[in-house]
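Index from 1, following the sequence. Only a predicted model underlies this, so the values are computations on that prediction, with no experimental measurement involved.
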Amino acid sequence: MAKTIDSIVYSDDMNEVLGVESKNMKTARIADGVHTIGINAFASCTQLEEIFLPSGLFRVKMRAFANCASLLKVHLADDMTYLKATWFKDLPKQYELICNEKSETFKIIKRSMKLKAHVRSLALSYAKSEKIKQVQSASIDALLSSLLSKVEGSFYEILSARKTAIVVLVQIGKNCGSFRFGTDSSKWLSKIQKIIEILGDQEKEGAEIYKELKESKLTLSELTSAGYVYTSADASGNFNLFMRGTLKGALKVTGSNTFSIFGARSIGYNASSCVREFSSVVLGAGLEKIEATAFQSCLKLSSITIPEGVRVIDFASFAACTSLTSISLPESVEVIAAYAFQFCSSLSSINIPKAIKRIGGNAFQDTNIANLGAPIHIQNDDGDIVEFTIKDSLAVENKTLVYATTNIQELVVPSGIEEIASFAFRNCKSLERARICEGVKKIGSGAFEGCTNLREVSIPDSIEQIEDFIFDDTAIVNLGKTYRVKSAKIRNKGRVVDFTIRDGFAMQDDKLAYVAFNKWNLLLCEETFVIKDFVKHIGSLGGSCKTITSLFIPASVVSIDFGALRECRILFTIKYGGTMAQWKAIEKEDGWNLDVNAKSVKCTDGDVEF
């Protein structure tokens, strides 16, 4: 039940403002304890002039103050711990924040450029600092324009202007640097002249240029632009970037040969947008980390130089660099994170540093690395110390086969393996045959899921557990044998069941676990998909039945599990081989028809609505 106090409607627990009883209120005082102002809570309160916000407020939802044209005064509690300018984005531009200047709230406001512009005592200093920034920006813009106008191949852009510093990107030919200038304009001329002198030397190597910049005490800066800056390499397709901090991808560079980076401490998660067009990347000394997805999908990248000092190759940092054939990692590298080189289909050579402590899951999956050499001891994603190796295109941790590194047509599981990991060969379209050796006790969930060309598989008698959906969406029609294994289903975990694949149906005892082979799995199924009458219980149809539009359920079925048809999102027709009374007698869990479009079942004597 909602509660109304002084025309403001609150949730029953008084945690949220839901709305107002009258749109004609002039003053709104929100009760203490409220932490949320809901969507449209005060929308169109056109006569509302002032509002008092409590200390515990930490969320204001969309359009909470929409069309409040008269709301010019916002009173804030003294001890607010959280405050965002976006809360007031729908208010008139001249709205005023009112609070005690000795309060914690006031300290929060002073740290926000946007908020302090709406506090009377701070607005003047804010406006003054904005004016100073404008004047500084205009001054250095004029100076750069004057000095660089006669320098061939030059380019500049002011990346940011603050009261304390201005950051400028300057490029001459292949050399480009991000520089920080202080507020003392008397020093600008000499600094810019020195920058032009150093960057203008096109004969020197990037490392020499970087050394001169440091020796000249020119302050390099991080690329701080709020948007994208577009530039290009020289006529030879080469580009040298001098900066500090993290390369975050604010720079868009057109080029074809080598992109060299000097001074950066880390390569950020979206740096690939900077180097996407280049075939070669050189990372300079001082680099410590290559962050997640830094060079992901740089399809033209065929060569990269990584300096000593880099400790981390992060998550998917080189994933899908399909032109990368080899890579040399410095001995300082300690971590190669999960998926770091996944889908680097041309990568056939990589060295593993002696200091390596961790190699994440699927780091070399779908590459061209067939062998890694002697086994190494690392920490896996679960924190366990394991012996890791790649041999004959198979990555192994201790006695577990974790994935294939290359696109294999035939899998022969080597002796000594006791487990095939979950999703080990998932979506391996090239795999046609799999021979699992004696000694394997467990096959993890989804291990061969999506291997649409997998037609033949042999399972040893040593198998003890076959988890869910391991052969879902494959081309396996019959296993030819039944295996006594432990069920992986949570409700029946550990119970021994008979597992087999018969006519494309993966069966656990007489329950349909999923459809392993569906002849329509790549086409829109306009015919009726028929469940065989040896099925008594339907657990799931699985992912290979996403395209069926019509389904026949035989009268042999006595139960249907929750979510049994959840992958069949375009299923419009369900037919049943028995009567309406028989259909109603089937034990059906709530949500058995989750996500399907069908609204009824066609029985032999009529339709039953869901």
Side-chain angles (χ1 to χ4, degrees), residues 2-101 103-131 133-134 160-163 224-228:
K3 296 181 180 179
T4 303
I5 302 174
D6 295 334
S7 295
I8 300 176
V9 182
Y10 299 92
S11 60
D12 184 52
D13 56 10
M14 292 295 290
N15 285 333
E16 181 175 353
V17 175
L18 302 177
V20 295
E21 196 173 53
S22 170
K23 299 284 187 180
N24 297 323
M25 62 169 59
K26 290 189 176 181
T27 301
R29 294 179 181 271
I30 298 177
D32 289 338
V34 169
H35 59 62
T36 302
I37 299 178
I39 296 173
N40 293 318
F42 293 94
S44 299
C45 289
T46 55
Q47 297 183 45
L48 184 63
E49 297 176 354
E50 60 181 344
I51 189 168
F52 292 79
L53 303 183
S55 59
L57 189 68
F58 66 81
R59 189 178 186 191
V60 176
K61 294 184 179 180
M62 292 187 302
R63 296 179 55 80
F65 302 113
N67 302 319
C68 294
S70 299
L71 183 52
L72 298 177
K73 293 185 178 181
V74 180
H75 298 266
L76 305 173
D78 288 347
D79 54 350
M80 297 187 79
T81 57
Y82 190 66
L83 196 60
K84 294 183 68 175
T86 53
W87 291 358
F88 315 113
K89 65 180 181 179
D90 292 323
L91 295 186
K93 291 182 179 180
Q94 66 272 30
Y95 80 86
E96 181 183 357
L97 294 175
I98 302 169
C99 67
N100 186 339
E101 294 188 8
S103 68
E104 292 300 315
T105 305
F106 192 76
K107 292 178 183 179
I108 294 175
I109 292 172
K110 286 181 70 175
R111 293 194 292 268
S112 169
M113 295 297 290
K114 291 183 178 180
L115 288 173
K116 71 181 183 181
H118 295 279
V119 177
R120 187 170 295 178
S121 60
L122 297 174
L124 185 61
S125 63
Y126 171 79
K128 184 178 179 180
S129 66
E130 287 296 299
K131 185 64 177 178
K133 287 193 293 183
Q134 291 175 10
S160 67
R162 296 189 176 93
K163 186 177 179 180
T224 57
S225 177
Y228 290 120

Gap between atom [atom2] of [Y] and atom [atom1] of [X] - 0.5 Å precision:
X: Leu83; Y: Phe106; atom1: CG; atom2: CZ; result: 12.5 Å
X: Leu18; Y: Ile37; atom1: CG; atom2: CD1; result: 11.5 Å
X: His35; Y: Glu16; atom1: NE2; atom2: CD; result: 7.5 Å
X: Leu115; Y: Ile109; atom1: CG; atom2: CD1; result: 6.0 Å
X: Thr81; Y: Leu57; atom1: OG1; atom2: CG; result: 9.5 Å
X: Asp78; Y: Ser103; atom1: CG; atom2: OG; result: 5.0 Å

Quick one: which residue pairs count as a salt bridge (charged side-chain N to carboxylate O under 4.0 Å, His left out) with a foot in residues 21-44, not counting sequence neighbours?
->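 Checked against salt bridge (charged side-chain N to carboxylate O under 4.0 Å, His left out) - neighbours excluded - no pair reaches residues 21-44.
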Which residues pass the ring-ring contact (aromatic ring centres under 6.0 Å, His included) test with Phe88, sequence neighbours left out?
->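 For Phe88, the residues satisfying ring-ring contact (aromatic ring centres under 6.0 Å, His included) (neighbours in sequence not counted) are Tyr95.
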Mind checking whether [X] and [Y] have side chains closer than 4.5 Å, heavy atoms only?
X: Val119; Y: Lys110; result: no
X: Val20; Y: Phe42; result: yes
X: Leu72; Y: Pro92; result: yes
X: Leu53; Y: Val60; result: no

Is [X] reaching over with its side chain to a backbone N or O of [Y], donor-acceptor style, under 3.5 angstrom?
X: Thr36; Y: Arg59; value: no
X: Ser55; Y: Asp79; value: no
X: Ser70; Y: Glu49; value: no

I'd like to check the side-chain contact (heavy atoms from CB on, under 4.5 Å) partners of [X]; sequence neighbours left out, ordered by chain and number.
X: Ala69; value: none
X: Asp6; value: none
X: His75; value: Glu50, Phe52, Lys73, Ile98
X: Glu104; value: Lys107

Please lay out, stage by stage, how Ile30 and Ile51 fare under the test side chain to side chain contact (heavy atoms under 4.5 Å, CB included).
-> CA-CA 8 Å; Ile30 298 177; Ile51 189 168; 4.0 Å; yes
Over all heavy atoms of both residues, which pair between [X] and [Y] is shortest? Give the atoms and the distance, please.
X: Val34; Y: Val17; answer: CG1-CG2, 3.9 Å
X: Val9; Y: Ala2; answer: CG1-CB, 3.9 Å
X: Ala64; Y: Gly38; answer: CB-O, 3.7 Å

Could you go through the side chain to side chain contact (heavy atoms under 4.5 Å, CB included) check for Tyr10 and Thr4 one step at a time?
-> CA-CA 6 Å; Tyr10 299 92; Thr4 303; over 6 Å; no
Met14 atom CE, neighbour heavy-atom count above 12 within 6.0 Å =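 Atom CE in Met14 is packed in, count exceeds 12.
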Side chain to side chain contact (heavy atoms under 4.5 Å, CB included) evaluation trace for Lys3 with Asp12 = CA-CA 6 Å; Lys3 296 181 180 179; Asp12 184 52; 3.7 Å; yes
Test side chain to side chain contact (heavy atoms under 4.5 Å, CB included) applied to Val74 and Trp87, step by step | CA-CA 11 Å; Val74 180; Trp87 291 358; over 6 Å; no
